[in-house]
2 protein chains.
Amino acid sequence: MKEKEARLRAIKKIIKTYKIKSQRDLLKHLRENGFNVTQATLSRDMRFLRVNKISDGENGYYYSLPSLDMRIDSEKSFIKDIIRGFISIDYSGNMAIMHTIPGHADSVAFAIDNLSLDEIIGTMAGDDTVLIILKENLEKEEFKKMLKEKIPELEL
Amino acid sequence: MKEKEARLRAIKKIIKTYKIKSQRDLLKHLRENGFNVTQATLSRDMRFLRVNKISDGENGYYYSLPSLDMRIDSEKSFIKDIIRGFISIDYSGNMAIMHTIPGHADSVAFAIDNLSLDEIIGTMAGDDTVLIILKENLEKEEFKKMLKEKIPELEL
DNA sequence: ATATTATTTGCATAAAATTACATTAATGGC
DNA sequence: GCCATTAATGTAATTTTATGCAAATAATAT
């Protein structure tokens, strides 16, 4: 069924276009576009899309799609740690070996752990090297792609 | 009344520290810290602080204070400039005297100008002091309130 | 001080959002 | 096709959040 898919696309567009402040609001817009669902479904859609509710800077709130530069704070700081320490990365089998500036392996490994990427099973840190164990059967290209999306600042 | 102020400070701290996912949650933390209010008050506090409700990237949501990077870009960078230079502020008549770290008065004054706050008529910068001329009849408390809302990071 | 005005809060309730449960639609074997 | 399994949705109940209004409290003026 592609009804849901179409609806999600419509929702994203509506949210980007208007300042939607309640699901009831959104419902109205959807109806105008020919989508007929209940508010309960919207609640589920919103969660599915990870839509945020953010202050308009005055007295109201509106829905907003998560964007890359709005990454949640904790994640942002982990990413910063990684960028700070990162030098290079190499691969062997289902492992990635990340080279860091001396003494940074630990903070980098900690940060990687805390990103809770499910492509990664675990990490081990030396002084300037972090060993990253990848999920079995994960293509290294796939991993690189994910990493690049997550931290585009890295020179992979 | 400083009860509210203290509570708001506590709320900010709690929200920064834990992943609070409902006002009931927050209420519990507040009680533990000796604040006794009702959920209705929290609802108002949240709005006052412009707290956002953000997806945790999985299936949940939690509260998050508006951060610098969620402000519109130009304003963001001006605000950063102010925060970078700011030391303290004092008042005399319809003037505010902002003390900055040496050499920063200029960039701070420039930033203040560019925020186009209509509470401010004009600024003058020395080396480590910015003179801010306030709109006539503007209460200093009102000004502080505005400033605090605009740049909560400042210790006014 | 006392009066006046504005702010803050609780209570009760309304509005908004989520969820348990049941039902229906889609999907993948066979 | 038919059956089994999973996903999607509606309905109704529940939970969470917001708000109108009155009482309490603080701030300001006289």
Side-chain angles (χ1 to χ4, degrees), chain A residues 1-12 14-15 18-31 33-66, chain B residues 1-12 14-15 18-31 33-66 91 93-94 137-146 148-149 156:
Chain A
M1 197 213 220
K2 53 158 58 158
E3 176 71 15
K4 181 179 180 186
E5 210 176 310
R7 189 182 62 242
L8 291 180
R9 217 169 322 120
I11 290 176
K12 286 203 262 185
I14 292 170
I15 286 181
Y18 306 97
K19 282 218 187 319
I20 301 296
K21 61 189 235 316
S22 73
Q23 295 178 8
R24 198 141 132 286
D25 241 40
L26 178 55
L27 202 55
K28 213 164 51 184
H29 280 271
L30 280 173
R31 285 207 205 293
N33 284 76
F35 292 94
N36 239 65
V37 286
T38 60
Q39 175 268 326
T41 298
L42 289 198
S43 174
R44 292 166 184 130
D45 288 349
M46 302 300 260
R47 168 163 304 214
F48 183 85
L49 292 173
R50 294 166 170 36
V51 174
N52 301 318
K53 204 169 188 185
I54 77 171
S55 167
D56 66 3
E58 310 212 324
N59 275 328
Y61 281 84
Y62 64 93
Y63 287 112
S64 157
L65 293 169
Chain B
M1 195 216 225
K2 55 159 54 162
E3 177 71 14
K4 180 180 180 186
E5 211 175 308
R7 190 182 62 241
L8 292 180
R9 220 171 316 121
I11 289 176
K12 287 203 263 184
I14 292 170
I15 285 181
Y18 306 96
K19 281 216 188 319
I20 301 297
K21 60 189 232 321
S22 72
Q23 295 177 9
R24 200 139 135 284
D25 242 40
L26 177 57
L27 202 55
K28 213 165 51 188
H29 279 272
L30 280 173
R31 286 207 205 294
N33 284 76
F35 293 95
N36 240 65
V37 287
T38 60
Q39 171 269 325
T41 299
L42 289 197
S43 173
R44 292 166 183 133
D45 287 349
M46 301 302 259
R47 169 163 303 217
F48 183 85
L49 292 172
R50 304 197 155 120
V51 175
N52 300 316
K53 207 168 189 185
I54 300 283
S55 168
D56 65 4
E58 310 212 324
N59 277 327
Y61 282 84
Y62 65 93
Y63 287 112
S64 157
L65 293 171
Y91 299 87
N94 70 325
N137 299 324
L138 179 69
E139 283 307 316
K140 126 186 165 186
E141 285 309 323
E142 215 177 326
F143 177 73
K144 278 171 94 163
K145 190 175 150 200
M146 180 280 294
K148 189 145 209 161
E149 275 185 24
L156 297 185

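We use all heavy atoms of the structure for the numbers below, so side chains are in, but hydrogens, waters and symmetry mates are not. Letters go in sequence order (proteins before strands), and every chain restarts at 1.
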Rounded to whole Å, CG of Asn59(B) lies from C1' of dA17(C) at a distance of 15 Å
Taken to the nearest whole Å, CZ/Arg24(A) to P/dA17(C) is 9 Å
Lys4(B) side chain near Asp45(B) side chain, heavy-atom distance below 4.5 Å
yes
| said: OP1 or OP2 of dT16(D) versus the side-chain N and O atoms of Lys21(B): is any pair under 4.0 Å? | reply: no
Sorted by chain and number, sequence neighbours left out, side-chain contact (heavy atoms from CB on, under 4.5 Å) with Asn36(B) holds for Arg31(B)
For Lys21(A), the side-chain contact (heavy atoms from CB on, under 4.5 Å) test, sequence neighbours excluded, returns Asp25(A)
Taken to the nearest 0.5 Å, the spacing of Arg50(A) CZ from Ile54(B) CD1 works out to 13.0 Å
> Do any side-chain nitrogens or oxygens of Arg47(A) fall under 4.0 Å of OP1 or OP2 in dT19(C)?
Replying inline: yes
Separation of dA15(C) atom P from Leu26(A) atom CG, nearest Å, is 20 Å
Residues in residues 34-43 of chain A with a heavy atom under 4.0 Å of DNA chain C, by number, are Gln39(A), Ala40(A), Ser43(A)
Judged by nearest nucleotide, the residue sitting upstream toward the 5' end of DNA chain C, Arg44(B) or Met46(A), is Arg44(B)
Here the distance between atom P of dT16(D) and atom NZ of Lys28(B), to the nearest Å, is 11 Å
Rounded to whole Å, NZ of Lys53(B) lies from P of dT16(D) at a distance of 9 Å
Across all chains, not counting sequence neighbours, the side-chain hydrogen bond (donor to acceptor under 3.5 Å, both in side chains) partners of Gln39(A) are Gln23(A)
Rounded to 10°, the helix from dA1(C)-dT30(D) to dC30(C)-dG1(D) deviates from straight, judged by its five-pair end axes, by 40°
Between Tyr63(B) and dT17(D), does any side-chain N or O lie under 4.0 Å from OP1 or OP2? yes
- Message: Is Arg7(A) close enough to dT9(D) that one of its side-chain N or O atoms is under 4.0 Å from OP1 or OP2 there?
- Response: yes
- Query: Is the shortest side-chain N/O distance from Gln23(B) to OP1 or OP2 of dT15(D) below 4.0 Å?
  - Reply: no
**Request:** Output yes when at least one side-chain N/O atom of Lys4(A) is less than 4.0 Å from OP1 or OP2 of dA26(C), else no.
**Result:** no
Interatomic distance, CG@Leu42(A) vs CZ@Arg24(A), rounded to 0.5 Å, equals 12.5 Å
Rounded to whole Å, CG of Leu27(A) lies from P of dT11(D) at a distance of 12 Å
Residue set satisfying ring pair (Phe, Tyr, Trp, His ring centres under 6.0 Å) with Tyr18(B), at least two apart, ordered chain then number -> His29(B)
When rounded to whole Å, the CD to P distance for the pair Glu142(B) and dA27(D) reads 16 Å
In this structure, CG of Leu49(B) is separated from CZ of Arg44(B) (nearest 0.5 Å) by 14.0 Å
In this structure, CG of Leu8(A) is separated from CZ of Phe35(A) (nearest 0.5 Å) by 9.0 Å
Atom CG of Leu8(B) and atom P of dT8(C) are separated, to the nearest Å, by 9 Å
